[in-house]
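Down below is the structure, laid out as structure tokens.
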Amino acid sequence: MDWYAILEFSRGPMFYTALLVFMAGMTYRLFSTILLGWQADRVPNRGSKLRGVAVSYLKGFGIWPFFPWVKGTLSRNPVTYLAGGLFHLGLFVVIFLGTAHMLVWKSLLGFGWPTLALPIIDWLSAVTIVAMIALAINRRINPVLRLISGPAEWTNLIIVFLPMITGYMTTHHLWFRYETLFSLHMLSINLMLIWIPFSRISHFMFYFFSRTFHGAQAGKRAVAP
Amino acid sequence: MSTQDVTRAPVAKTAVDTFVKTTGSWVATQLEACTRCGICAQACHFYEATGNPEFAPVWKVELLRRAYEQRFTPPGKLKVALGLDKPVTDRDIQHWSTIVYEACTLCNKCAMVCPMGIQLGPLIHEVREAMAASQVVPADLVTAIRKQEELGSPLGVTEEMWEERIEWIADEWEVDIPIDVQGAETLVVFTSIEVMKFPENVVAIARILNAAGEKWTISTPGREVVNFGVFEGNPERTKLFMARLFDAARSLGVRRLVVTECGHAYDLLRWTAHNMTDVPVEITHIVAVIDDLLNKGRIKLQAGKYDSLGPIAFHDACKIQRRGGHIQEPRNILRILAPNSFREISPNREESICCGGGGGVIAIQEADPLRYKVFELKMRQMAAAGTKTITMTCANCRLQFTDGIKHFGLDVQVRGLAAMVADALIEE
């Protein structure tokens with residue numbers, strides 16, 4: 001097989017098509033939900049909705065294990081909390097602060113930024129991969145997660161796992177030739193980009209709705225969100 | 001489970017139609033945000049007490065999610081076409097009816113732990129709405145709803161019974177309870193739980209308001225603050241029962257309506273009513289009124305009156321504290337009444353664990369074993385704090401605590417906060 005041709009295609013036209021599908025799909029998802037209609041909230045406030053929203057985000061991002069509102073989640077759902085947290089942390093750091101990835105962003109946006117040294121990124125990728133495996137095992141054995149997991153949940157997990165594992169293999173030249181690994185990495189990323197709008201991986205967009213609403217509801221009642 | 005008349009219409013169709021009708025952007029964005037991480041399960045007292053995965057809040061909204069995805073999203077439509085997702089069936093509706101009515105008190109503690117902040121309590125209420133529309137509602141709840149519709153109270157207290165009872169309370173405790181007074185400032189609406197089972201609470205509130213010189217009244221047509229339409233999830237009945245109160249408030253010309261110890265009624269009247277109907281008056285809760293009277297010096301209390309009782313704890317009700325907002329007021333009051341013996345149970349405030357009897361659960365006899373099981377969580381909390389007296393501002397919680405403590409034979413006293421305040425009044 002001509003892996004050079006596949007690489008050219010998957011990092012060229014296919015990548016840009018996938019990006020377009022991603023953006024168009026997410027735009028569709030956004031508008032199809034927000035155009036269903038909102039009911040105006042005519043309830044007189046007791047506290048400040050704005051303050052509630054601010055606290056809601058502070059709490060949402062302040063998820064370090066020693067914070068009081070996190071302790072319960074940590075002790076009751078250790079795997080989901082630790083593996084889930086490390087997975088998100090690793091994913092975002094690698095995507096934005098890995099040098100190779102930053103260069104892709106630079107080619108798309110026209111500007112770049114400082115990145116982390118490869119060993120750090122490498123180590124974080126390994127952590128992320130292990131975390132994803134832990135999440136998968138947990139999904140199999142936890143009775144609640146088993147009940148609520150269907151084909152969609154498993155597909156999402158696999159589709160996010162593929163770019164992670166192929167990326168790791170590419171930097172380490174594991175088992176296959178570099179151009180083969182790089183092609184597989186690009187193909188899996190394209191697959192993920194196309195898949196996101198059709199799946200719950202899009203929760204990163206709706207996070208801002210639910211978190212804002214939660215904060216506003218608490219804020220108007222003058223309680224902590 | 002026993003439900004009323006389920007053989008008639010295509011139940012699932014009605015339910016799904018209701019889901020679709022109530023699905024606005026609010027519901028859609030909440031459902032879309034869910035990553036199915038399962039963290040909400042551990043926050044649910046029903047799950048924690050039983051370990052039944054079906055009691056996970058995320059699973060309680062499963063039908064709503066399915067209906068939403070299958071009706072509104074392309075992948076959902078595709079999944080049904082490919083046979084990958086099951087359409088909602090009559091059997092599903094029956095099954096979930098038990099879960100959402102008997103194993104959920106709509107306490108919304110799950111929203112406090114959800115990393116996405118999804119409002120699971122209100123979403124489960126949407127599920128109940130679909131159940132109500134398809135008339136798959138537990139029989140005991142239906143009976144109570146009928147009583148409230150026809151007799152004016154879910155406990156079956158008729159106007160005559162109520163009048164007699166109020167007269168008896170006023171005589172027995174020698175307290176002045178103004179009835180249907182035109183031009184009063186404040187309309188106080190009790191629950192029939194208080195009138196019938198905790199009359200000392202009615203007396204206490206009357207004594208406090210009289211001592212403060214408040215111009216207040218109760219109303220014969222607007223005598224019941226409990227609203228079983230909310231428990232059922234029926235917006236029409238909810239509005240009907242609310243209208244009785246607002247009509248009474250209008251005809252008496254009062255400035256404000258004080259909800260006494262009723263959790264869901266407070267959540268409804270204070271935090272939902274404006275989005276359903278015109279609210280002619282200011283709505284507040286009795287615990288906020290008492291705190292305000294103390295701050296203004298209109299009533300005075302004997303400081304430390306209950307310090308000799310041993311550890312006193314406060315139970316935060318889901319609808320008056322977490323969803324009501326009155327977290328600080330009862331604590332201010334208890335710091336006066338029992339500065340040395342007031343102890344917090346843990347978790348508390350917004351993070352409090354629900355008593356287990358709210359949301360109509362206590363009215364469903366079939367749910368009793370489950371309700372007692374859930375109460376064990378409260379027992380553990382009380383034991384850990386060495387509680388000898390537990391106080392609260394919700395009559396429904398009080399019913400659950402009184403019943404639970406009797407059932408398990410605990411050595412803990414349950415006292416309404418208003419009654420504690422009234423007994424500590426310094427009357428000039």
Side-chain angles (χ1 to χ4, degrees), chain A residues 28-29 32-44 46-47 56 59-60 63 68-69 72-73 76-77 80-81 84 138-139 142-153 156 198-203 205-215 217-218 220-225, chain B residues 23-43 47-48 51-54 56 58-59 62 72-75 78-79 84-85 111-119 122 270-275 279 282-283 321-328 347 349-351:
Chain A
Y28 169 76
R29 284 287 296 283
S32 66
T33 41
I34 65 175
L35 291 179
L36 282 173
W38 298 88
Q39 197 193 19
D41 190 3
R42 297 193 287 136
V43 176
R46 185 158 176 262
S56 167
K59 272 180 122 172
I63 45 171
W69 60 88
T73 306
R76 286 153 205 262
N77 310 272
T80 309
Y81 173 80
N138 194 39
R139 214 171 251 290
N142 178 300
V144 173
L145 290 173
R146 269 173 66 146
L147 181 68
I148 63 177
S149 302
E153 281 67 38
N156 293 342
F198 298 99
S199 73
R200 271 171 193 285
I201 307 174
S202 57
H203 67 267
M205 183 167 74
F206 295 103
Y207 171 84
F208 297 98
F209 288 93
S210 56
R211 205 74 221 174
T212 302
F213 193 77
H214 177 61
Q217 288 298 310
K220 76 173 182 184
R221 293 166 159 87
V223 300
Chain B
T23 305
S25 296
W26 170 74
V27 169
T29 50
Q30 300 273 314
L31 290 172
E32 295 280 12
C34 178
T35 62
R36 301 172 89 68
C37 70
I39 285 178
C40 50
Q42 299 287 350
Y47 175 76
E48 198 161 316
N52 182 349
E54 290 218 284
V58 57
W59 190 247
E62 172 72 5
F72 292 109
T73 71
L78 187 70
K79 275 197 271 182
L84 288 172
D85 208 1
M112 302 301 296
V113 305
C114 175
M116 312 296 282
I118 295 168
Q119 301 295 296
R270 177 64 181 87
W271 299 113
T272 317
H274 298 78
N275 291 334
V279 180
E282 182 196 324
I283 311 277
Q321 275 76 40
R322 170 166 50 243
R323 301 226 351 117
H326 301 294
I327 289 175
Q328 204 43 51
R349 297 171 180 257
E350 290 93 345
E351 310 276 339

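Residues V43(A) and R270(B) form a side-chain contact, since some pair of their non-hydrogen atoms from C-beta on lies under 4.5 Å apart.
In this structure, chain A has heavy atoms under 4.5 Å from both the backbone and the side chain of A111(B). In this structure, chain B has no heavy atom under 4.5 Å from any part of Y81(A). At a 4.5 Å heavy-atom cutoff, the contact between I327(B) and chain A is made by side-chain atoms alone. Within the 4.5 angstrom heavy-atom criterion, only backbone atoms of R322(B) (N, CA, C, O) approach chain A. Heavy atoms of T80(A) lying under 4.5 Å from chain B belong exclusively to its side chain. Looking at L78(B), neither its backbone nor its side chain comes within 4.5 Å of chain A, counting heavy atoms on both sides. Residue contact with chain B, scored on non-hydrogen atoms closer than 4.5 Å, is absent for I201(A). The contact between P75(B) and chain A is made entirely by side chain atoms (from C-beta outward), counting heavy-atom distances below 4.5 Å.
A donor-acceptor contact shorter than 3.5 Å links the side chain of R46(A) to the backbone of G325(B). A side-chain donor-acceptor contact under 3.5 Å links R200(A) to the backbone of C34(B). A donor-acceptor contact shorter than 3.5 Å is absent between the side chain of E32(B) and the backbone of F206(A).
Residue A33(B) comes nearest to Y207(A) through the heavy atom pair CB-N, 4.3 Å, listed as atom of the first residue, atom of the second, then distance. Summarising the geometry of W271(B) relative to P44(A), their closest heavy-atom pair is CZ3-O, 3.7 Å, with the distance given to 0.1 Å. Nearest heavy atom pair, residue N275(B) against residue Q39(A), reads O-NE2, 3.0 Å. Closest approach of Q42(B) and R76(A) over heavy atoms only: O-NH1, 3.5 Å. Considering every non-hydrogen atom in both T33(A) and A28(B), the closest pair reads CG2-CB, 3.9 Å. Residue I34(A) comes nearest to S25(B) through the heavy atom pair O-OG, 3.0 Å, listed as atom of the first residue, atom of the second, then distance.
Taking NE2 of H326(B) as the reference point, atom CZ of R221(A) lies at 10.5 Å (rounded to 0.5 Å). Going from atom CD1 of I39(B) over to atom CG of N77(A) covers 5.0 Å, rounded to the nearest 0.5 Å. In this structure, SG on C114(B) lies 7.5 Å from CZ on R211(A), to the nearest 0.5 angstrom. Within the model, atoms CH2 of W59(B) and CG of L147(A) stand 4.0 Å from one another, a figure rounded to the nearest 0.5 Å. Rounded to the nearest 0.5 angstrom, T73(B) OG1 and F198(A) CZ are separated by 10.5 Å.
Every residue two or more places apart in sequence or in another chain that forms a side chain to side chain contact (heavy atoms under 4.5 Å, CB included) with N52(B) is listed here: T50(B), E54(B), F55(B). Among residues two or more places apart in sequence or in another chain, the side chain to side chain donor-acceptor pair (under 3.5 Å) test is passed with S210(A) by none.
When E48(B), R323(B), Q321(B), K79(B) are compared by the number of non-hydrogen pairs under 4.5 Å with chain A, R323(B) comes out ahead. Heavy-atom pairs under 4.5 Å with chain A were tallied for M112(B), E62(B), R36(B), Q119(B); the largest tally goes to R36(B). Among Q217(A), K59(A), R29(A), M205(A), the residue with the largest count of heavy-atom pairs under 4.5 Å with chain B is R29(A). For the set A152(A), A222(A), P143(A), the count of heavy-atom pairs under 4.5 angstrom toward chain B peaks at P143(A).
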Using the side-chain contact (heavy atoms from CB on, under 4.5 Å) rule, take F213(A) and T29(B) through it: C-alpha gap first, then chi angles, then the decisive distance, then the call. CA-CA 10 Å; F213(A) 193 77; T29(B) 50; over 6 Å; no
